[in-house]
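All remarks here apply to the structure that follows.
All chains are named by letter (A, B, ...) in the order of the sequence lines, taking the proteins before the strands, and each is independently numbered beginning at 1.
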Amino acid sequence: MKNKVILGSLLFLFFAYITADLTEREVSGFSDQVIQHGATGDDVIELQARLQHLGFYNGKIDGVFGWGTYWALRNFQYEFGMEIDGLAGQTTKQKLEQASEFDKAYVHEQIQKGANFTHYGEGDNSGQSNNQETEDLEPTAVNVPQGFSQNDIQIMANAVYGEARGEPYEGQVAVAAVILNRVESASFPNTVSGVIFEPRAFTAVADGQIWLTPNESAKRAVLDAINGWDPTGDALYYFNPDTATSGWIWTRPQIKRIGKHIFCM
Amino acid sequence: MLRWIVITILSIGIIGVSVWGYKEHQEKNAILIQAENSYQRSFHDLTYNLDLLHDKIGSTLAMNTRKQLSPQLAEIWRLTSMAHSNVGQLPLTLLPFNKTEEFLSQMGDFSYRTAVRDLDQEPLTEDELSTLESLYGMAGDIEQELRKVQNMVLNENLRWMDVQLALVNNDQQADNTIIDGFQTVEKSVEEYAEGELNTNLVGTSNKQGAYELLGEETITEQEAEETMRSILGINQGTTLDVTTSGDGAKVPLFSGSFKEQDRTGYIDLTQQGGYPMSFMIQRDISEAKVSLNDAMKTAEEYLENSLFSSDFALVESNQYDHVGVFQFVPKEDDVWIYPDAIQIKVALDTNEVIGLVAKDYLENYHERTIPEVTISEAEAEEAVNPNLTVEDHHLAIVEDDLGGEVLAYVFLGTLNDDTYKIFIDADNGDEVKVDKLKQAEMKY
């Protein structure tokens with residue numbers, strides 16, 4: 001009898017410990033990284049949710065540390081008398097954890113449901129399950145370079161893949177860079193689609209290869225080119241010397257050769 | 001009996017095939033006509049717009065009242081941009097037609113800049129008027145040549161599809177009337193010597209001090225290879241192809257590229273001074289182990305140990321999948337020098353620098369004497385739209401519309417959910433420009 005009581009209390013303690021442990025882990029959900037502007041991921045979701053809970057942030061909880069989150073964080077730091085640097089470091093995260101509640105399971109569930117989830121505040125989060133372990137969630141938004149949309153990147157990736165899928169990575173960045181150099185140039189159309197679909201500009205457009213599905217490599221190459229990498233040195237034209245039919249293209253001042261293509265002004 | 005059956009089947013087959021063939025043929029023709037029509041439309045639009053453009057420039061020259069002048073110049077600007085887009089829809093890419101397109105964009109720049117100016121305060125100068133006159137002359141010549149081509153196209157039913165075919169096959173002997181016509185147009189534009197157009201007035205960048213930093217001393221290919229190896233971190237076991245750039249390059253470069261089993265890369269080094277212009281190492285990065293903040297510190301450290309100047313400010317940091325991309329600008333006495341930007345890419349798995357672009361830095365860097373501000377920060381802030389909540393500010397050297405450098409107060413402010421960067425001239429309180437900073441985009 002006595003044994004049973006001891007066993008029972010031991011079991012009780014054990015479960016209490018586990019639950020406490022779980023809750024503990026839920027609260028300190030942040031990993032120990034310093035979160036800064038431009039970051040993406042789970043920590044950012046938590047940061048946004050906590051800031052929203054406190055009423056500093058009223059944008060979307062999308063897992064991308066954008067300007068909205070940045071100002072919210074700075075305001076939080078100001079209100080709580082911390083150093084205002086817009087970085088979520090250890091002290092800031094501790095303060096946030098003390099001041100706000102974060103229910104990972106609930107927040108993730110809402111995000112996955114695709115609910116227009118902009119009110120994570122008092123009273124909203126009732127009837128939730130607490131002790132559920134949740135998987136890390138992919139952000140629902142992405143960083144895109146200034147002045148471009150995901151679709152612009154997609155259409156450029158199509159062109160790059162159609163034109164240069166057999167080329168080394170650098171050659172793919174180079175083709176994307178030429179498209180961008182043309183957009184900048186006075187003698188070409190002023191938009192990405194204008195340049196790509198200019199008649200006779202790209203063979204991949206003429207023969208329909210542009211409509212193949214681009215791979216990840218082509219997309220990364222486009223992103224690198226948009227972010228400033230230009231292996232061509234400002235080239236406006238390129239051609240494959242083995243198949244080039246136009247004599248005129250040979251008269252252009254050449255810059256360099258990358259893979260099978262010669263790049264020129 | 002059997003023979004008749006075979007004959008019937010075969011003839012049905014033949015009839016079937018010919019019907020199918022005829023249908024295909026018709027469909028092909030329909031599509032060709034559609035393509036031809038869209039070319040024709042662009043071409044006739046182009047001639048029409050140039051007609052109109054020529055007339056408008058003419059009447060601008062005769063105008064006297066400022067009230068009329070600004071809308072007229074805005075109209076010219078609109079016409080040039082339409083004509084430019086018409087040209088972009090014609091299959092002329094392999095045909096030298098650049099000069100004409102350049103004319104259109106110069107005309108556009110010029111008219112835009114004069115249209116938005118307060119002509120009451122600053123009327124057109126003599127120089128500008130003479131520029132306008134030569135632009136008028138050029139427009140006239142282009143108009144006339146294009147009209148000739150248009151006339152031939154209409155009278156002889158010339159087809160743009162033939163132009164395309166002629167360009168594809170590069171038939172020298174097949175003299176295509178349209179191609180000839182456009183070459184004449186191009187020649188007539190070329191005849192206007194550069195000198196006749198005051199290039200300062202018709203735009204195009206008038207950047208000073210291009211590549212001033214590089215100096216005269218050149219490095220040898222041997223030295224270049226050593227520098228490249230140390231920057232890319234590759235040992236003697238890997239072959240590094242080093243080539244020199246051709247005469248199309250703006251500055252002479254040594255270019256190196258290498259290929260290892262799991263990574264490839266390239267690097268450009270200036271021949272003068274041996275500065276790295278850009279480099280990139282490409283490999284698979286499957287997971288992010290360090291934070292963007294740690295990566296930024298790596299990038300900062302990398303800059304500190306580089307050939308570039310000492311003090312940098314972070315303008316932008318972004319995480320794309322498992323890489324961090326950072327944009328830095330140098331700081332001189334707390335003034336941010338925006339034109340001298342440097343981009344650095346850091347892999348978030350091993351926390352190493354895998355890319356750098358210093359093109360802007362090398363091109364624009366020069367000894368600057370930063371002028372004193374004439375208005376205070378508070379005065380400048382008054383020039384900011386009062387609906388904006390200003391959150392942060394700093395002083396900076398920025399490029400204005402015309403490519404010149406001005407000292408400006410930069411205010412970061414929010415309006416509703418958007419964040420803006422507002423540049424206020426520190427000399428006269430003018431709004432130099434306003435940029436809306438991008439937000440993350442929802443995944444579709």
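Side-chain polar atoms of A:Gln36 and B:Ser317 form a donor-acceptor pair below 3.5 angstrom.
With a 4.5 Å cut-off on non-hydrogen atoms, B:Lys345 touches chain A through its backbone and its side chain both. Heavy-atom distances place both the backbone and the side chain of B:Asn318 under 4.5 Å from chain A. Interface remark: A:Val34 contributes backbone and side-chain atoms alike to the contact with chain B (heavy atom separation under 4.5 Å). For B:Asp284, the part lying near chain A is the side chain, with the backbone staying farther off; criterion is any non-hydrogen pair under 4.5 Å. Looking at A:Asn143, the atoms closer than 4.5 Å to chain B (heavy atoms on both sides) sit in the backbone and in the side chain alike. In this structure, chain A has a heavy atom under 4.5 Å from the backbone of B:Phe279, while its side chain stays farther away. Proximity to chain A is limited to the side chain of B:Met296, based on heavy atoms less than 4.5 angstrom apart. Only the backbone of B:Leu356 comes within contact range of chain A, with at least one heavy atom under 4.5 Å from a heavy atom of that chain.
Between the CG atom of A:Leu87 and the CG atom of B:Asn293 there is a distance of 5.5 Å, given to the nearest 0.5 Å. Taking CD1 of A:Ile35 as the reference point, atom CG of B:Leu292 lies at 11.0 Å (rounded to 0.5 Å). Separation of atoms CD (A:Gln33) and CG (B:Asp294) is listed at 8.0 Å; rounding is to 0.5 Å. We find the OG1-CG distance between B:Thr414 and A:Asn75 to be 8.5 Å, quoted to the nearest 0.5 Å. Between the OG atom of B:Ser81 and the CG atom of A:Asn190 there is a distance of 8.0 Å, given to the nearest 0.5 Å.
Side-chain atoms of B:Ser245 do not come within 3.5 Å of backbone N or O of A:Lys256 as any donor-acceptor pair. Using a distance-only test at 3.5 Å, with no hydrogens or angles considered, a donor-acceptor pair links the side chain of B:Gln319 to the main chain of A:Thr40.
Residues of residues 214-232 of chain A lying under 4.5 angstrom from chain B, judged on non-hydrogen atoms, are A:Arg220, A:Leu223, A:Asp224, A:Asn227, A:Gly228, A:Trp229, A:Asp230, A:Pro231 in numerical order. Contact residues of residues 257-265 of chain A toward chain B are A:Met265 (heavy-atom distance under 4.5 Å).
Side-chain contact between A:Pro199 and B:Trp160 is absent, with no heavy-atom pair separated by less than 4.5 Å. The shortest side-chain heavy-atom distance between A:Val173 and B:Tyr266 does not fall under the 4.5 Å cut-off. Inter-residue side-chain proximity for B:Met280 and A:Tyr169 is flagged as met; some heavy-atom pair is nearer than 4.5 Å. Looking only at side-chain heavy atoms (C-beta outward), A:Pro189 and B:His84 stay at 4.5 Å or farther from each other. You'll find the side chain of A:Trp71 reaches within 4.5 Å of the side chain of B:Leu412, heavy atoms only.
For A:Trp67, the CH2 atom counts as densely surrounded, since its 6.0 Å shell holds more than 12 non-hydrogen atoms of other residues, nucleotides or ligands. For NZ of B:Lys433, the number of neighbouring non-hydrogen atoms (other residues, nucleotides, ligands) closer than 6.0 Å is greater than 12. Environment of NZ in B:Lys421: crowded, with over 12 heavy atoms of neighbouring residues, nucleotides or ligands closer than 6.0 Å. Heavy atoms of other residues, nucleotides or ligands lying less than 6.0 angstrom from OH of B:Tyr112 number 12 at most.
When each of A:His37, A:Gln150, A:Arg74 is scored by its heavy-atom pairs under 4.5 Å with chain B, the top score falls to A:Gln150. Contact count versus chain A (heavy atoms, under 4.5 Å) is highest, among B:Leu437, B:Asp392, B:Val325, B:Thr100, for B:Leu437. Taking A:Ile255, A:Asp62, A:Asp43 one by one and counting their heavy-atom pairs under 4.5 Å with chain B, the maximum is reached by A:Ile255. Considering only heavy-atom pairs separated by less than 4.5 Å from chain B, the leading option among A:Gly66, A:Ala206, A:Ala39 is A:Ala39.
Shown here for B:Ser257 and A:Glu170, the closest heavy-atom pair between the two residues is CB-OE1, 3.8 Å.
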